[in-house]
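Along the sequence shown, the residues carry numbers beginning at 1. In each ligand, atom 1 is the first atom listed, and ligand 1 is the first ligand listed.
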Amino acid sequence: ESVGVGEAGGSPVLDGYRHMYSGKVRDLYVPIGDDGVEADDRLLLVASNRLSAYDWMMSPEIPDKGEVLTRLSLWWFDQLADLVPNHVVSTDVPDAVAGRAVVVRRLEMLKVEAIARAYLTGGGLEEYERGGSVSGVVLPEGLVDGSRLPSPVFTPTTKAPVGEHDLPMAPDEVEAELGADVAAEVSRLTRAILARGNEIAGERGILIADTKVEFGVAPDGSGGLVLADEVLTPDSSRFWPAELWEPGHPQPSFDKQFVREWLTSAESGWSRSSGEAPPELPAHVVEQTRAKYVEAYERLTGETF
Ligand SMILES: CCOC(=O)Cn1cc(-c2ncnc(N)c2C#N)cn1
């Protein structure tokens with residue numbers, strides 16, 4: 001199988017697949033049949049070992065990160081199968097991406113980032129501090145960074161073009177984009193997915209503060225919403241260690257705290273405000289970070305990585 005990796009850490013060249021799209025940490029490919037014809041009903045979703053923090057791509061990569069998060073996402077799709085169908089077709093993937101790639105059903109993706117928040121932080125907290133509500137939902141007074149919300153709140157955003165920031169969508173904008181019924185169903189499902197995620201994760205010492213999921217529909221319009229992309233991973237969600245939860249200040253990240261603390265320490269010689277790319281992560285930070293991804297997987301699934 002002729003396989004090479006493009007520029008170091010880039011997207012691998014996969015024999016029998018055409019590279020279609022690169023996200024920060026994942027890539028999409030189109031399968032090409034033996035007759036040279038591209039499949040129109042399937043895609044290959046590949047998770048890299050790249051880590052993004054502070055809006056920068058870290059170097060070096062985190063060994064096994066792609067495989068750990070792919071297996072975690074597959075496990076969540078299974079846990080959620082009673083709630084919503086998903087796009088997973090098979091894990092019969094090229095050797096070069098074994099364990100970190102999934103063949104998925106090709107869908108028409110909704111143009112809404114379906115985000116739900118169970119705890120208030122980041123952009124949601126900033127919006128709340130400005131006006132006491134988030135995405136049109138009035139919240140109790142006196143909430144602070146890390147406060148648990150009475151129940152998960154749907155806080156959708158646009159899918160901004162590469163390099164631009166996703167923008168909050170008001171309920172009427174979501175309805176204009178999706179129609180009232182689909183908008184209501186996307187909101188219901190996104191909140192139910194996060195609630196289920198926290199029921200399971202909470203028993204294993206992990207709080208999922210918020211999550212982004214993506215839905216699609218079958219191209220022929222048959223059937224309803226299908227859960228796509230990845231689900232309830234530390235890349236699509238904020239994972240917090242439950243035992244350190246303390247509202248009133250930024251919570252430590254379950255998986256990115258070692259990277260953040262090293263990058264903001266004097267030892268790194270980097271300052272976020274410099275606008276310069278951060279330095280290479282030292283080996284101990286890479287290994288500690290890998291261990292946190294493995295720990296999250298093993299705690300949640302009960303399986304050994
Ligand atoms: C680089 C990874 O891709 C994305 O980040 C977002 N994205 C998903 C699709 C998609 N398109 C059709 N069918 C699907 N099943 C999917 C999925 N998942 C396109 N971009």
Could K212 and D229 be called an ion pair, given the rule that one side-chain N must be under 4.0 Å from one carboxylate O? yes
Going by an N to O cut-off under 4.0 Å, is there a salt bridge joining E303 and R71? no
Flag yes if more than 12 heavy atoms outside D92 fall under 6.0 Å of its CG atom; otherwise flag no. no
Give a yes or no on whether D181 atom CG has more than 12 heavy-atom contacts from other residues, nucleotides or ligands under 6.0 Å away. no
State, without any angle test, whether D235 and T233 hold a side-chain donor-acceptor pair at a distance under 3.5 Å. no
Between T211 and S237, does any side-chain donor sit less than 3.5 Å from a side-chain acceptor? yes
Return the protein residues near ligand 1 (heavy atom under 4.0 Å from any of its atoms), ordered by chain and residue number. Y21, G23, R26, D27, L28, L43, L45, H87, V104, R105, R106, L107, M109, E214, A228, D229
